[in-house]
Amino acid sequence: MNEKYLEDFAAGQIYGSGCITVEEDRIKTFAAEFDPQPFHLDEDSARRSIFGGLAASGWHTAALTMRLLVESDFKPAGGIIGAGFDEFRWPLPVRPGDQLHVESEVLDVRPSKSRPHQGLVKVRTTTKNQKGDAVQVSVGNLVVPRRPA
């Protein structure tokens, strides 16, 4: 599995993921349960909206990003455990048929002063479509254990 401890991370490291295709029926199913706005559910309503066509919920994009991240080569020991975000945005909508992948860049690594067995890794995660356009950008802080003695 190649889990990495805090000491294995350094600013500038970049990790990638595989791809996932966003399917129209999954956009609508997710939206029906979690974000039932017309531009996520109905093509005609979506065409008349600011999006100009059916668009995935940002929260659906976030969920897909999480899946891609978990399946990527970014493997902190103990899992991807978030302590919060400094930035979270959706610069472009995700459309049916888009193929998404994730690029994660380590921005900072900091041992904890109050919890010597762990630290924080600050990561910029950019979800891109098949054209290479960013559809989601987040900067998150992850709790990562230090290597056991």
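Remember, predicted model here, so these are calculated numbers, not experimental data.
Shortest non-hydrogen contact noted between Lys75 and Val70 is NZ-O, 2.7 Å. Annotation for Asp35 and Trp59: closest pair OD2-CD1, 4.2 Å, computed over non-hydrogen atoms. Shown here for His40 and Ala31, the closest heavy-atom pair between the two residues is CB-CB, 3.3 Å. Of all the heavy atoms in Ala55 and Pro93, the pair that sits closest is CB-CB, 3.9 Å. Minimum interatomic distance between Ile81 and Gly78 (heavy atoms only, all atoms of both residues): CD1-O, 3.7 Å.
Tracing side-chain contacts under 4.5 Å through hydrophobic residues (I, L, V, M, F, W, Y), one reaches Val106 starting from Met66; they form part of the same cluster. Following chains of ILVMFWY side-chain contacts shorter than 4.5 Å, one cannot reach Leu41 starting from Val22, and the two form parts of different hydrophobic clusters.
Here Phe30 pairs with Phe34, His60 under the ring pair (Phe, Tyr, Trp, His ring centres under 6.0 Å) rule; sequence neighbours left out.
Remark: Arg47 does not engage Glu43 in a salt bridge, criterion side-chain N to carboxylate O under 4.0 Å. Using a cutoff of 4.0 Å between basic side-chain nitrogens and carboxylate oxygens, Arg26 and Glu24 are not scored as salt-bridged.
Proximity of Thr125 to Val137: side-chain heavy atoms (C-beta onward) are nowhere separated by under 4.5 Å.
Although no hydrogens or angles enter the test, the distance criterion places a donor-acceptor pair under 3.5 Å between the side chain of Glu7 and the main chain of Arg147. Of the possible donor and acceptor atoms, none in the side chain of Trp90 sits under 3.5 Å from a partner among the backbone N and O of Val135.
A side-chain donor-acceptor contact under 3.5 Å links Gln13 and Tyr15.
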Under 3.5 Å donor-acceptor pairs involving side-chain atoms of residues 95-103, not counting sequence neighbours:
| unit_1 | atom_1 | unit_2 | atom_2 | d |
| --- | --- | --- | --- | --- |
| Arg95 | NH1 | Phe51 | O | 3.3 |
| Arg95 | NH1 | Gly53 | O | 2.9 |
| Arg95 | NH1 | Leu54 | O | 3.2 |
| Arg95 | NH2 | Phe51 | O | 2.6 |
| Asp98 | OD1 | Gln130 | NE2 | 3.2 |
| Asp98 | OD2 | Arg95 | N | 2.9 |
| Glu103 | OE1 | Lys128 | NZ | 3.1 |

